[in-house]
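Structure first, commentary second.
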Amino acid sequence: MDIRLTKRDKHYIEGTEDVYAIMQRILLRENKVDQEKEHLWMIGMNQAGYILYIELIALGTFRSVDIEPMNVFRVAVMKNASRVVLIHNHPSGSLIPSDNDKDVTDRLIQVGRILNIELTDHLIITPFNYLSFRAEKLMDKLEKSIKYVPTYKVIEQIRKEERKITREKLAIANNKIKAEKDKTKLAREKARTEKERRKKLEYNMIITLFEKDISITDIAKIMGITTKKIEKVVISRE
């Protein structure tokens, strides 16, 4: 059953307070007998949050309301809604979600994913207060549930995770190889620099000693190198 907004109601949703403000007035419009029964409503919105429709999905007893998941999204599909909010009342006045409330939400999240319609929140309301599944982090928990995820989707997700892990392992291995190459390259650069430093020091020492009129033979003894090498240095100087 389609529910019309009044002039007092906002026509777009910015947060849970907006949802409750609208739904509280709708609940209070009901006669006392119907207020004692559980109602299940859905608000359908476009991506910008503009309300496309509000529908009473089901009217149950004072304890529960039965739903068929696909029927919940029937109008959402017809109205091209991209986001929906589920709302139901607890005539008892309690705001504690039952196991059935959580289970229904879990199922509807998965149906919404199949239809590409996001179930953004589920509110439990009374005439005086409300509870948001999103605010209580219940939506986050249920969105990670795989209880109602089709088997092929679970397999697909597992394979996706396996591919991700394989890529991460490969990246780590490649980084290790690169680190080893960089380390080897750095060691070679260091060895070459040290060799050039020693060569330059040796050259300067030979020239210094030679200029002090020390014989090539004595320089060879002092430095522990061959006379041929000293002669080569001296000739290159000239």
Side-chain angles (χ1 to χ4, degrees), residues 13-17 45-49 82-83 85 97 102 105-122 132-238:
I13 300 296
E14 292 181 307
T16 52
E17 288 289 345
M45 300 166 286
N46 62 17
Q47 200 60 40
S82 59
R83 297 189 293 156
V85 177
K102 297 173 187 176
T105 307
D106 192 347
R107 290 174 66 194
L108 293 178
I109 286 171
Q110 299 308 324
V111 175
R113 284 173 175 167
I114 293 170
L115 298 173
N116 200 28
I117 299 172
E118 180 188 4
L119 177 61
T120 60
D121 204 351
H122 183 173
S132 161
F133 275 46
R134 180 67 67 186
E136 295 296 317
K137 307 297 183 184
L138 281 171
M139 290 300 289
D140 295 340
K141 182 179 178 180
L142 293 171
E143 284 168 350
K144 295 174 183 176
S145 169
I146 61 171
K147 183 176 180 179
Y148 292 105
V149 178
T151 304
Y152 79 92
K153 281 285 187 182
V154 175
I155 294 172
E156 185 180 282
Q157 185 63 33
I158 291 172
R159 287 175 177 169
K160 183 178 179 182
E161 289 298 321
E162 287 176 344
R163 289 194 295 270
K164 181 181 177 183
I165 291 170
T166 300
R167 287 196 300 270
E168 288 175 349
K169 284 183 177 179
L170 183 60
I172 291 171
N174 288 337
N175 287 337
K176 284 183 177 179
I177 292 171
K178 185 176 182 300
E180 286 298 323
K181 286 182 177 179
D182 290 343
K183 186 178 179 181
T184 302
K185 184 180 178 181
L186 184 64
R188 286 174 180 171
E189 288 288 342
K190 187 176 180 181
R192 185 165 55 250
T193 301
E194 179 63 18
K195 184 178 179 181
E196 289 175 354
R197 187 188 69 80
R198 287 179 176 275
K199 186 177 179 181
K200 186 175 181 180
L201 181 63
E202 185 180 78
Y203 176 88
N204 290 336
M205 192 170 181
I206 290 171
I207 297 302
T208 301
L209 293 173
F210 184 76
E211 288 178 345
K212 291 182 178 292
D213 294 328
I214 298 174
S215 69
I216 290 177
T217 302
D218 289 338
I219 294 174
K221 290 179 181 179
I222 293 169
M223 298 185 63
I225 57 179
T226 64
T227 56
K228 188 176 180 181
K229 190 172 184 180
I230 296 171
E231 288 172 351
K232 188 176 179 181
V233 172
V234 172
I235 292 171
S236 67
R237 171 176 174 270
E238 295 174 351

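The analysis underlying the following values was restricted to heavy atoms, covering all of them including side chains, and did not include hydrogens, waters or symmetry mates. Bear in mind that the values here come from a model prediction, so they are computed numbers and not experimental data.
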Open item on the list: Between Ile219 and Met205, is there a side-chain heavy-atom distance shorter than 4.5 Å?
Closed with: no
- [ ] Step by step, work out the salt bridge (Lys or Arg N to Asp or Glu O under 4.0 Å) result for Glu194 and Arg197.
- [x] CA-CA 5 Å; Glu194 179 63 18; Arg197 187 188 69 80; 2.7 Å; yes
Task: Donor-acceptor under 3.5 Å (Asn46 side chain, Ser82 main chain) - done: no
Open item on the list: Between Thr120 and Ile13, is there a side-chain heavy-atom distance shorter than 4.5 Å?
Closed with: no
Open item on the list: Set out, in order, the CA-CA distance, both residues' side-chain angles and the distance that settles side chain to side chain contact (heavy atoms under 4.5 Å, CB included) for Ile230 and Leu209, then state yes or no.
Closed with: CA-CA 11 Å; Ile230 296 171; Leu209 293 173; over 6 Å; no
Open item on the list: For a 4.5 angstrom cut-off between non-hydrogen side-chain atoms, does Arg134 reach Asp140?
Closed with: yes
Open item on the list: The test is salt bridge (Lys or Arg N to Asp or Glu O under 4.0 Å); show your working for Glu136 and Lys141 and say whether it passes.
Closed with: CA-CA 10 Å; Glu136 295 296 317; Lys141 182 179 178 180; over 6 Å; no
Open item on the list: Do Met45 and Glu118 have side chains that approach each other closer than 4.5 Å (heavy atoms only, starting at C-beta)?
Closed with: no
- [ ] Give a yes or no on this: more than 12 heavy atoms of other residues, nucleotides or ligands lie within 6.0 Å of atom CG of Asp182.
- [x] yes
TODO: Could you tell me the separation between the CZ atom of Arg107 and the OG atom of Ser145, rounded to the nearest 0.5 Å?
DONE: 12.0 Å
- [ ] Mind listing the closest non-hydrogen atom pair of Leu138 and Pro97 along with its distance?
- [x] CD1-CG, 3.8 Å
Open item on the list: How long is the straight-line distance from CG of Leu108 back to CG of Leu119, given to the nearest 0.5 Å?
Closed with: 6.5 Å
Open item on the list: Considering only residues two or more places apart or on different chains, which pairs with a residue in residues 213-234 satisfy side-chain hydrogen bond (donor to acceptor under 3.5 Å, both in side chains)?
Closed with: Glu202-Lys229, Ser215-Asp218
Open item on the list: Is there a side-chain contact between Glu180 and Lys176 in this structure, where contact means two heavy atoms from C-beta onward sitting under 4.5 Å apart?
Closed with: no
- [ ] Check for a donor-acceptor pair, side chain of Asn174 on one end and backbone N or O of Leu170 on the other, with a separation under 3.5 Å.
- [x] yes
Task: Interatomic distance, Glu143 atom CD to Gln110 atom CD [nearest 0.5 angstrom] - done: 9.5 Å
- [ ] Compare all side-chain heavy atoms of Thr105 with those of Met139 and state whether any distance is below 4.5 angstrom.
- [x] yes
TODO: Heavy atoms only: give me the nearest Asp106-Tyr148 pair and the separation to one decimal.
DONE: CG-CD1, 3.7 Å
